[in-house]
Protein chains: 2
Amino acid sequence: MPTDEELRDDATSRLRAAGLRVTAPRVGVLVALERESHADADTVARHVRGSLGAVSTQAVYDVLHALTEAGLLRRIEPAGSTARYETRVGDNHHHMICRGCGVIVDVDCSGLAPCLAPAHPHGFLLDEAEVTFWGLCPECQPANEENA
Amino acid sequence: MPTDEELRDDATSRLRAAGLRVTAPRVGVLVALERESHADADTVARHVRGSLGAVSTQAVYDVLHALTEAGLLRRIEPAGSTARYETRVGDNHHHMICRGCGVIVDVDCSGLAPCLAPAHPHGFLLDEAEVTFWGLCPECQPANEENA
DNA sequence: ACGCTTACTTGACTCATTCCAGAAAAGCGT
DNA sequence: ACGCTTTTCTGGAATGAGTCAAGTAAGCGT
């Protein structure tokens, strides 16, 4: 478990590497998402406020957009949920989402070539295959069986 | 191209088979989605009003929910778009979405077993793998190249 | 045809997110 | 350290998809 300082330093490096100014809200957002991946804008805002004090909602949305634009964040929009963000970018990994508690877990792509080539592309020029697995996490499986 | 009457009869049968009451808005919604698949609630409402006259927005939402619940419709929520509906249910097909014009095209699953089994399920009990292909449709490819 | 039950209407309302605009603050190259 | 430029703040308002609630209308089994 890295310290907050390590996370802040790392976030700072990434911001500079992307040619962006290093500001407290930006670093805070990156640290918050390292601590809790797949958080929504509101959750990120609460994390950032917890460590930095007052930060406007506006600033949080601005930062999330700017960092997503710069490729430092990836935005995902699972069905039935608000937009969520993660710091893991650059690889085309996928997600498993629990229908019970909503938890989102990263899944490596495992290089499934078939997933990138549908049987009939109909002339489409594809650049991404987004895969979302739906099911029940270990926590929610027993609870669900009892209800059934 | 089936006639409206054929579509209405077919929709009526499906409603009865599902044990649902046959009402004008319900039949209208099913016919609308046969005519234009992957339409959002607003588009469905406009179609239905075009053929039935006044139908409340609420009724459209109620019908879409009820029919989705009953398994007569499938709801998809692509990132950056509102919820969309289609009448093709029962098979686990996927979608290709054009980043240019937003058009959605069905893609057969082609039985890609790997897509249903991630490398590390982390104890999840999965019931669905949702695949969305992103790219440019044939129409939007030239336009995009010119801009580049 | 009757009446129970389900569906539809109306209108107010929530929620995430965006936009607006001016002022204040802060980063960073020199 | 200075000053230009970008970012953030205040805070108010608007948007658009979707929901809630209570009354009215309509389907359908008898």
Side-chain angles (χ1 to χ4, degrees), chain A residues 8-9 11-32 38-49 51-70 72-73 75-85 102, chain B residues 8-9 11-32 38-49 51-70 72-73 75-85 102:
Chain A
R8 280 198 298 274
D9 287 351
T12 301
S13 309
R14 273 179 282 157
L15 286 167
R16 289 201 200 284
L20 294 174
R21 286 198 180 168
V22 178
T23 69
R26 286 178 176 180
V27 173
V29 164
L30 285 172
V31 171
H38 314 116
D40 60 16
D42 191 60
T43 302
V44 170
R46 271 185 283 108
H47 272 258
V48 173
R49 288 178 185 131
S51 53
L52 295 182
V55 174
S56 70
T57 303
Q58 207 69 24
V60 173
Y61 278 105
D62 284 352
V63 168
L64 289 172
H65 285 169
L67 300 194
T68 302
E69 189 79 11
L72 293 184
L73 291 181
R75 175 187 174 120
I76 60 174
E77 297 180 51
S81 159
T82 58
R84 286 152 185 279
Y85 299 85
Chain B
R8 281 198 298 272
D9 288 350
T12 301
S13 309
R14 273 179 283 155
L15 286 168
R16 290 201 198 285
L20 294 175
R21 286 194 182 171
V22 178
T23 69
R26 287 178 176 181
V27 173
V29 164
L30 284 171
V31 171
H38 313 117
D40 60 17
D42 190 62
T43 303
V44 169
R46 271 185 284 108
H47 272 259
V48 173
R49 287 177 187 132
S51 53
L52 296 182
V55 174
S56 71
T57 302
Q58 196 57 36
V60 173
Y61 278 106
D62 284 352
V63 169
L64 289 172
H65 285 171
L67 300 194
T68 302
E69 189 80 9
L72 294 184
L73 292 181
R75 174 188 175 119
I76 60 174
E77 296 180 51
S81 160
T82 59
R84 286 154 184 278
Y85 299 85

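To find a chain, count down the sequence lines: A is the first, B the second, and so on, and within it residues start at 1.
Across all strands shown, Ala24(A) has no heavy atoms under 4.0 Å from either base or sugar-phosphate atoms. Within 4.0 Å (heavy atoms only), Ser56(B) reaches at least one base atom of the nucleic acid. Here Ala66(B) lies out of heavy-atom contact (under 4.0 Å) with every strand.
Of the listed nucleotides (dT7(D), dT18(C), dC8(C)), dT18(C) has the atom at the smallest distance from the side chain of Tyr61(A). Each of dA21(D), dC8(C), dT10(D) was ranked by its minimum atom distance to the side chain of Ala59(B); first place goes to dC8(C). The side chain of Val55(A) sits closest to dC9(D) out of dC9(D), dC8(C), dT19(D). Which of dT17(C), dG18(D), dC8(C) sits closest to the side chain of Arg75(B) comes down to dG18(D). Each of dC28(D), dT18(C), dG18(D) was ranked by its minimum atom distance to the side chain of Arg16(B); first place goes to dC28(D). For Gln58(A), taking side-chain heavy atoms from C-beta onward, the closest of the listed nucleotides dG12(D), dG18(D), dT8(D) is dG12(D).
Between Arg49(B) and Ser56(B) the shortest heavy-atom distance is NH2-C, 3.6 Å. For the residue pair Ala32(A) and Val48(A), the shortest heavy atom distance occurs at CB-CG2, 4.3 Å. Closest approach of Leu52(A) to Gly28(A), counting heavy atoms only: CD1-CA, 4.3 Å. Taking every heavy atom of both residues into account, Arg21(B) and Arg26(B) meet most closely at O-NH1, 3.1 Å.
As rounded to whole Å, 16 Å separates atom C1' of dG18(D) from atom CZ of Arg84(B). The CG-C1' distance, from Leu67(B) to dA7(C), rounds to 12 Å in whole Å. Note: CG (Leu20(B)) to P (dT5(C)) measures 18 Å, nearest angstrom. The distance from atom CG of Leu15(B) to atom P of dA26(D) is 18 Å, rounded to the nearest whole Å. When the C1' atom of dG16(D) is taken as reference, atom CG of Asp40(B) falls 11 Å away, rounded to whole Å. Regarding Asp62(B), its CG atom lies at a distance of 10 Å from the C1' atom of dT19(D), rounded to whole Å. Distance CZ (Arg26(A)) to C1' (dT8(D)): 10 Å, rounded to an integer number of Å.
Between His65(B) and dT19(D), a side-chain N or O to OP1/OP2 separation shorter than 4.0 Å is present. In this structure, Thr23(B) reaches the dC8(C) phosphate: one of its side-chain N or O atoms is under 4.0 Å from OP1 or OP2. Between Thr57(B) and dT9(C) there is no side-chain N or O to OP1 or OP2 distance below 4.0 Å.
The shortest distance between side-chain heavy atoms of Asp40(A) and Thr43(A) falls below 4.5 Å. For the pair Leu67(B)/Leu15(B), a side-chain contact is recorded, criterion being any heavy-atom separation below 4.5 Å from C-beta on. Side-chain contact check for Leu64(B) versus Arg75(B): every heavy-atom pair is 4.5 Å or farther apart. Contact check for Leu30(A) versus Thr12(A): no side-chain heavy atoms found under the 4.5 Å cut-off.
You'll find a donor-acceptor pair under 3.5 Å spanning the side chain of Arg21(A) and the base of dT6(D), going by distance alone.
Fit an axis to the five pairs at each end of the helix from dA1(C)-dT30(D) to dT30(C)-dA1(D) and the two axes sit 50° apart, to the nearest 10 degrees.
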